[in-house]
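Taking it in order: structure first as structure tokens, then the write-up.
Naming: A, B, ... by sequence-line order, numbering from 1 per chain.
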Number of protein chains: 2
Amino acid sequence: MAAQPDAEPRPRVPLTKQRVLRTAVRIADARGITAVTMRNLAQELEVEAMSLYHHVPGKDQLLDGMAEAVVTEINTAVGLDATPPADPPPPADGWKAVVRGRILAAREVMLNHPWAPGVVGSRSTMTPAAMRYFDALTGQLLSGGLSPDLVHHGLHALGSRALGFTLELFQAADGGAPDPDAAEMMQQLAQQFPNVVAVLSAASHDGETTLGWCDDQAEFEFGLDLVLDGLERLAAR
Amino acid sequence: MAAQPDAEPRPRVPLTKQRVLRTAVRIADARGITAVTMRNLAQELEVEAMSLYHHVPGKDQLLDGMAEAVVTEINTAVGLDATPPADPPPPADGWKAVVRGRILAAREVMLNHPWAPGVVGSRSTMTPAAMRYFDALTGQLLSGGLSPDLVHHGLHALGSRALGFTLELFQAADGGAPDPDAAEMMQQLAQQFPNVVAVLSAASHDGETTLGWCDDQAEFEFGLDLVLDGLERLAAR
DNA sequence: AAGGTAGCCGTACGTCGTAAGGTTGGTCAA
DNA sequence: TTGACCAACCTTACGACGTACGGCTACCTT
């Protein structure tokens, strides 16, 4: 009973670190970071879990690789990988506009990978791609006339904002069921926390009943501009 | 062979949500958040793992409780739980100094619980203690003359900084082994990432060989002041 | 004394990361 | 042609995790 020669064509696409990482990112995008498990990942690649260890040292380095992949995506998005056009036109806009644009581009990439902030944030090591990104950013700030010291502090002040995301402390309450007695509850809330309710009700000047939630993008840009303007002012001193 | 009555004195301190949470915090402080496991926690309390479920619905709510506990600690640290002295003296300092002090106090608590930023940051829900904290903070900003809208944006701009921590993107490289050929590696680094190296070497004006690492506290205060100053300026407009 | 009940325990299941060793198919020297 | 070699891949198994489920015990109420 010899094995039939063509029982299974066996395309057998060879596994690759690239392929593993790309698939991991795809799983995370589609089903969340918790679905990125060695077994799931292997199944998606039509392979056994342990085979992954020939291309990735372990789960931790897999996450490192995913973070690296996202930052790399940012780098290409802001044109950091393309060789500059020989004579890069000096930024017609001020450094602020350039940096702002770059960071908002990074944010766009992050928004496509909701799991990325958590992963990038939890990795301690500075990957090469992140280095590349920060080196370019640093260059923009330096050539903008900021002193090295100010650039240093500025990067710290930006923090994760430099990579296009912030840790959202109050998650979108995302009111699925528009609670019928929301008004009543609101009053109870207002009694306990008058100040936040005052601020929140002022924030939603259009819809006044349900607390119209925040515009994340606008808030991000506000905070970013606050920092950039502050740096500019300090540089001018 | 009747059970001897006093084989074990059995003090049998009753389990309590308080006791469970406090112990969890103690474990996290001593051995890191990964050591906070239902079994470990139970062992520390001299109890079986499943007994914890009578006081905590599950691991997730345990973490919620731990976050809540830390924020509560912050609240008492800034005197938010003490009933105010009837006639609270109007803040002699400006609102900025008050807010600044409050946030730095929060930071001190956070520094005592290195695991707390991660846990607080990963919880989406706004716990009552956090609400209390933010309500007070909001009140300070409002009574400082900031418009509700500005307060709203300002809180977003502060983000986790309002609770005394930032997501540290580049972890302390903490050079245990002062690599003998650090100079050589530094040169290699300088070739690939000239800008960051320039900034970093400028940052450590005292020690010039090893990149003298950053003063986290100073950086935190710099970023905080940058935001507060920016808000003040916007309020004055 | 009878019955309820809150608090605790024992066992077990499914999932996770991964250590250790076996199998296979292709490459290349003799 | 053949046989050694060696990646790439698979199989099995272990320990740790969160937690469902069903007991047991000690105390309270009536």
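The stretch residues 21-38 of chain A has no heavy atom under 4.0 Å from DNA chain D, so no residue of it qualifies as close. Annotation: proximity of residues 40-47 of chain A to DNA chain D (heavy atom, distance under 4.0 Å) is found for A/Val47, numbered in ascending order.
Distance, A/Tyr53 OH to D/dT11 C1': 15 Å, rounded to whole Å. Note: CG (B/Leu52) to P (C/dG10) measures 14 Å, nearest angstrom.
Listed nucleotides C/dA19, D/dC9, C/dA12 differ in distance to A/Met50; the shortest reach to its side chain belongs to C/dA19. Listed nucleotides C/dC8, C/dT18, D/dG18 differ in distance to B/Lys59; the shortest reach to its side chain belongs to D/dG18. Closest to the side chain of A/His54, out of C/dA12, D/dA8, C/dT18, is D/dA8. The side chain of B/Glu48 lies closest to C/dC9, out of D/dC17, C/dC9, C/dC16.
Of the residues near DNA chain D, B/Ala49 and A/Arg39, the one whose nearest nucleotide (by heavy atom distance) lies more toward the 5' end is A/Arg39.
Residue B/His55 has a polar side-chain atom (N or O) positioned under 4.0 Å from OP1 or OP2 of C/dC8. Between A/Ser51 and D/dA8 there is no side-chain N or O to OP1 or OP2 distance below 4.0 Å.
Side-chain contact annotation: B/Arg22 with B/Gln18, donor-acceptor N/O pair under 3.5 Å present.
None of B/Val109, B/Leu163, B/Asn112 except one satisfies the side-chain contact (heavy atoms from CB on, under 4.5 Å) rule with B/Val70; the exception is B/Val109.
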N/O donor-acceptor pairs under 3.5 Å from side chains in residues 25-37 of chain A, not counting sequence neighbours:
{"unit_1": "A/Arg26", "atom_1": "NH2", "unit_2": "A/Glu44", "atom_2": "OE2", "d": "3.4"}
{"unit_1": "A/Asp29", "atom_1": "OD1", "unit_2": "A/His113", "atom_2": "ND1", "d": "2.7"}
{"unit_1": "A/Asp29", "atom_1": "OD1", "unit_2": "A/Trp115", "atom_2": "NE1", "d": "2.6"}
{"unit_1": "A/Asp29", "atom_1": "OD2", "unit_2": "A/His113", "atom_2": "ND1", "d": "3.1"}

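Contact of the B/Thr16 side chain with the B/Val20 side chain is not registered, since no non-hydrogen atoms from C-beta on lie closer than 4.5 Å. The shortest side-chain heavy-atom distance between A/His156 and B/Leu169 does not fall under the 4.5 Å cut-off.
Considering every non-hydrogen atom in both A/Val119 and A/Ala67, the closest pair reads CG1-CB, 4.1 Å.
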side-chain contact (heavy atoms from CB on, under 4.5 Å) between A/Val47 and A/Leu41, worked out: CA-CA 9 Å; A/Val47 131; A/Leu41 182 50; over 6 Å; no

Test side-chain contact (heavy atoms from CB on, under 4.5 Å) applied to B/Leu224 and B/Val99, step by step: CA-CA 10 Å; B/Leu224 178 57; B/Val99 167; 5.8 Å; no

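Listed by first and then second residue, the salt bridge (charged side-chain N to carboxylate O under 4.0 Å, His left out) pairs involving residues 61-77 of chain A are A/Asp64-A/Arg123 (not counting sequence neighbours).
Every residue meeting the side chain to side chain contact (heavy atoms under 4.5 Å, CB included) condition with B/Gln217, not counting sequence neighbours, appears here in chain and number order: B/Leu104, B/Arg107, B/Leu111, B/Asp215, B/Glu221.
Taking a 6.0 Å sphere around CD of A/Gln61, one finds it holds more than 12 heavy atoms contributed by other residues, nucleotides or ligands.
In the helix from C/dA1-D/dT30 to C/dA30-D/dT1, the rotation axis of the first five pairs and that of the last five pairs differ in direction by 10°, rounded to 10 degrees.
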